[in-house]
Structure formats: structure tokens, C-alpha cells
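Convention: sequence-line order gives letters A, B, ...; per-chain numbering from 1.
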There are 2 protein chains.
Amino acid sequence: MSEPEDISELKHIDMTVRELLTEMKDSSEVIVDLAYASLMYNSTSMAEKVREIEDEMDDLKFATRYKVLLSSRTREDARQLSGLLEVASAADRISDAASDIVGLLRFPPEKRPFITEMLSEADEKIRMIRIADGSSMAGNTIGKLAVEANTGCKIIAVKNRRGWTYDPEGSAKLRAGDTIIVRGTDDGADLLTEYASGKKEWEFEEPVSEEEEETSDKEDEKNEEELTQELNGEGDGE
Amino acid sequence: MSEPEDISELKHIDMTVRELLTEMKDSSEVIVDLAYASLMYNSTSMAEKVREIEDEMDDLKFATRYKVLLSSRTREDARQLSGLLEVASAADRISDAASDIVGLLRFPPEKRPFITEMLSEADEKIRMIRIADGSSMAGNTIGKLAVEANTGCKIIAVKNRRGWTYDPEGSAKLRAGDTIIVRGTDDGADLLTEYASGKKEWEFEEPVSEEEEETSDKEDEKNEEELTQELNGEGDGE
């Protein structure tokens, strides 16, 4: 882990600070899930992906620092923007911790006492599920299915004929015969297993008309504002 | 953060290593959600809870170390058990990072540029939702509703007449007028908002008979075993 010597080597330099921070937050969550999943399934290729994301996080952190330094002109700027760097650094440290977790793969599974038990007793569990031929999930994208919203299970990895994809996009299509690795509660994984096996039919949400959606968004915004005021009115916040 | 001088002061000494590790993993996930939620809603009381969990993590880490040292009799034991300490330490470092995140609360919200944007553009979002009078969620426990399995939203905090509860248990009952803070995808939070507002009726799962459950568990186990073999057979793992 060394700082790039030439600034033109810096990756992600075209991203805004906001985009960089968002990417770092998302990656810091994905990397921890993948790290535990690599232990659960003794997968060196998942561990490899963890290391890749960790390298990526270093690049993102450097790019964030560079952008923040560039835009910090006054003492006041510097004060505010230093807070941002703390969040970036927290996300980076989370990904370092994930990278330590996969270090455990150097021991064979039988020499990693308690780890499997820990993973199977934790609130959020990791499960491997196959999409069966008769499953109504097959042929649909992860985004269209809204797998996480409907089952609480986040898809960490998908295996199809071309191999494994880690942290798949919403546009990725699931096919019969694919295997997915998910993170979720027991209830959620049981529900997803029923859909994936074809025992239960997937219930697609009826598309909401744009007009309806807009009204509802505005209502949500208003409600959230009221709730926030209430929260702060109770002596909470500054 | 200092080591307790007298071992009888050590908390959690009655827990097994397995229980300690599981607790550390669960807490390291909850604490990050709470840290981001405290920024989102500028809540010093959530930040306070983050600090409490961080202190608890230190206690858990010491107890884990103590137990591991006690049970490490041979060179081989020591080698294996040192791996466990790495996982415990990773979970502890994640909670330290969460504690740094809440440090940002020393700036007022208007002096925390990009943070709200980051939180509203991330994959996993934080939302505040009120349980309306007509909601079919009211009067039921979080566990019975299986909120996470059915909406993908994890309830981070609940506010009722008695105040806030952070990281509520499955046995906690939701009532009309309660406010919940959740972490989930946009789709999931939209779905939960429909249930909470009473616009949509909650669909309770039909209880599965014990016999059926047992057969299904066995099938799941068999399937998972086959899948794991397949995963490892593909040159993955050691």
C-alpha cells in the first residue's frame, strides 16, 4: 500500500467527493459480507475479491483526500472537510478488518474452531441457494425481483455457466441452475429458498404509475420532515 | 480503555468463546448502522448508544482473549486459536470505526457537507417511518412480522411512549404511533411504508407444521452440502 507518485496515475479522479464517499460506504458493507462468506464456504476466489475491493478502497481513499485537499481553501473549509476524511477513513478501516478476516483462510476449515458456529448463529446468516428449473425467479433480473426488499436477503454472489460474479448489479439476470450466495435472516433465507426451489410463486409488484409515485414521494418527504422535527424536539440532536 | 486489573471484574466471563464471537459479529454490524443513522438524524442519543456498544465490544474482546488463553494448552491450540482472536479484533476495529463516524456529530448538520447525500445515495438507506393507527403491523412483535424477511428492512431503533430502544429484540411489540428507524433498500423501505401507513395489509405467513419444517430442514442441509461440494470441486477452496 503506497501512495501513487504521479497524480495522473490516480484512479477515480473523475468522481465527485460525494460519489467517492458513497462508493466507499457501499464497498465497506459488501466487503464484510464477502469476507464472512469466504470463510463460510472456504472460498479462496471470494477472498481474492475481498483483496481486490480492499485495493480499490485505498484508491478511493487517496482520490477522496486529493479532491478534499484541492477544494479546501479556507480554515473553515478545512475544518468541515476534515470530517469527511474521517468517514472515508472509517470505511477504509472496515475494509482492512474484512481483509484480516479472510486471512483466516490460511487455516483449513477443520482448524478454524468456532467460526462456522459463529456464522450459523449470528443474526445475519450466509446461505447458498440454487435456482431450480421451475422457479419463477429464473429469467428475471435481481433488480426486477427486488430480492432484498421481498426476502431481506442480499445477494452477495451469483454463479452461472460463466463462473462467479461477486456483488452483482441489479441488472444481472438469474437463470435456472444458477447458484446464489446470500446474506439475510433465517426467515428471509427460508422464504427465498421456497421461491428459488419453485415451491412458491414469486409475487411481482404491480408497477406504480409515475404520477402516483410522485405524490407518494412528496408525502414521504413531508412525513419524514415532521418525524425528524419530532426527534430533534425531544432534546435529541444539538 | 484499560485492561481490568482483577479478573473477577471481567464481564461476559460466563459466555463461551462461540457465544462471545457471535455477539461480537452481531454487534459490529448493528453499531455501523446506528452510527450512520445518528448522522442521518443528527441524534446524540443514538451516538451515545454507539459509544455504549463500543465499550461493550472492548469487554467482549477481553473476555474472548481470556477464554482463548485459558484453553490454549499446546502449540497447535495456540496456532488455531490465534486465528479466532483475529476475527474478534476485526469486529472490534469495525466498531472503533463506527465510533469515529459518530464523532462527526460535533459539527452541526449544515457543516457536514456530502454526508446526507452519501447516506441518501448509498445502496442501503436509512429511513424513519411511523406506524399509523390503521396499520396491520400494530400490535405485533417484530419477530412475528419478520420485518426483515418480508421487507428487507432491518429495524435499527423504535420509539414508543417510553422513549427510544436501539437494536430492538424480535420480541419487541410495535404499536400504532410508534416510530421506527430502518436500514434497507429504497424498494424495501417503500414497501414497509405502505404496510406502516395502513395502505397495504401485512401478509402473515401460515405457520409451518413441525413435521414439515423438519423435512424441509433436512432437505436444505442436503442441498447445501451438495452445493458446497460443487463449489469446492471447481478448484475453489484449498
Side-chain angles (χ1 to χ4, degrees), chain A residues 17-18 21-22 25-26 29 32 41-45 80-81 83-84 86-87 89-91 93-94 96-98 100-101 103-104 107-108 111-115 117-118 121-124 127-128 130 146 148-152 179 184-185 187-188 191 193 220 223-224 227-228 231-232 236-238, chain B residues 17-18 21-22 25-26 29 32 41-45 80-81 83-84 86-87 89-91 93-94 96-98 100-101 103-104 107-108 111-115 117-118 121-124 127-128 130 146 148-152 179 184-185 187-188 191 193 220 223-224 227-228 231-232 236-238:
Chain A
V17 172
R18 206 179 67 201
L21 278 181
T22 308
K25 176 179 187 289
D26 288 344
E29 288 166 8
V32 174
Y41 294 109
N42 195 36
S43 164
T44 48
S45 78
Q80 289 181 28
L81 294 169
L84 286 190
E86 279 172 47
V87 172
S89 142
R93 283 162 56 201
I94 291 173
D96 285 346
D100 287 353
I101 291 170
L104 234 66
F107 300 109
K111 301 274 166 96
R112 297 196 298 258
F114 307 120
I115 297 295
E117 289 84 350
M118 172 188 86
E121 283 168 24
D123 287 342
E124 297 281 340
R127 291 257 287 266
M128 202 188 279
R130 188 199 292 269
E148 192 170 350
N150 285 306
T151 67
T179 298
T185 61
D187 287 344
L191 185 61
T193 303
D220 286 352
N223 283 335
E224 180 131 334
L227 288 170
T228 307
L231 177 66
N232 292 331
D236 209 351
E238 287 192 291
Chain B
V17 172
R18 206 180 68 201
L21 277 181
T22 307
K25 177 179 187 288
D26 287 343
E29 289 166 8
V32 173
Y41 295 109
N42 194 37
S43 163
T44 48
S45 77
Q80 289 180 29
L81 294 169
L84 286 190
E86 279 172 48
V87 172
S89 141
R93 282 161 58 201
I94 291 174
D96 286 346
D100 287 353
I101 291 171
L104 234 67
F107 300 110
K111 300 275 166 94
R112 298 196 297 257
F114 307 120
I115 297 295
E117 289 83 351
M118 171 188 87
E121 282 167 25
D123 287 343
E124 297 280 341
R127 293 257 286 267
M128 203 188 278
R130 188 198 293 267
E148 191 170 351
N150 285 306
T151 67
T179 298
T185 61
D187 288 345
L191 184 61
T193 303
D220 286 353
N223 283 334
E224 180 130 335
L227 288 170
T228 307
L231 178 66
N232 292 331
D236 209 351
E238 286 192 295

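- For the pairing with B:E148, the side chain to side chain contact (heavy atoms under 4.5 Å, CB included) check across A:D187, A:T185, A:T151 returns one residue only, A:T185.
- Here the shortest heavy-atom pairing between B:A97 and A:I94 reads CB-CG1, 3.8 Å.
- Closest of all the heavy-atom pairs between B:P113 and A:L84 is O-CD2, 3.0 Å.
- With respect to chain B, the highest number of heavy-atom pairs below 4.5 Å among A:A146, A:G188, A:S89, A:G83 belongs to A:G83.
- For A:E29, the part lying near chain B is the side chain, with the backbone staying farther off; criterion is any non-hydrogen pair under 4.5 Å.
- Between chain B and the residues A:E86, A:K111, A:R93, the most heavy-atom pairs under 4.5 angstrom are made by A:K111.
- The backbone N or O of B:D123 sits less than 3.5 Å from a side-chain atom of A:D26, completing a donor-acceptor pair.
- Heavy-atom distances place both the backbone and the side chain of A:L21 under 4.5 Å from chain B.
- Ranked by heavy-atom pairs under 4.5 Å with chain B, the first of A:E124, A:E117, A:R18 is A:R18.
- Across B:A90 and A:I101, no two heavy atoms sit closer than the pair CB-CG1, 3.6 Å.
- Within the model, atoms CD1 of A:I115 and CD of B:Q80 stand 11.0 Å from one another, a figure rounded to the nearest 0.5 Å.
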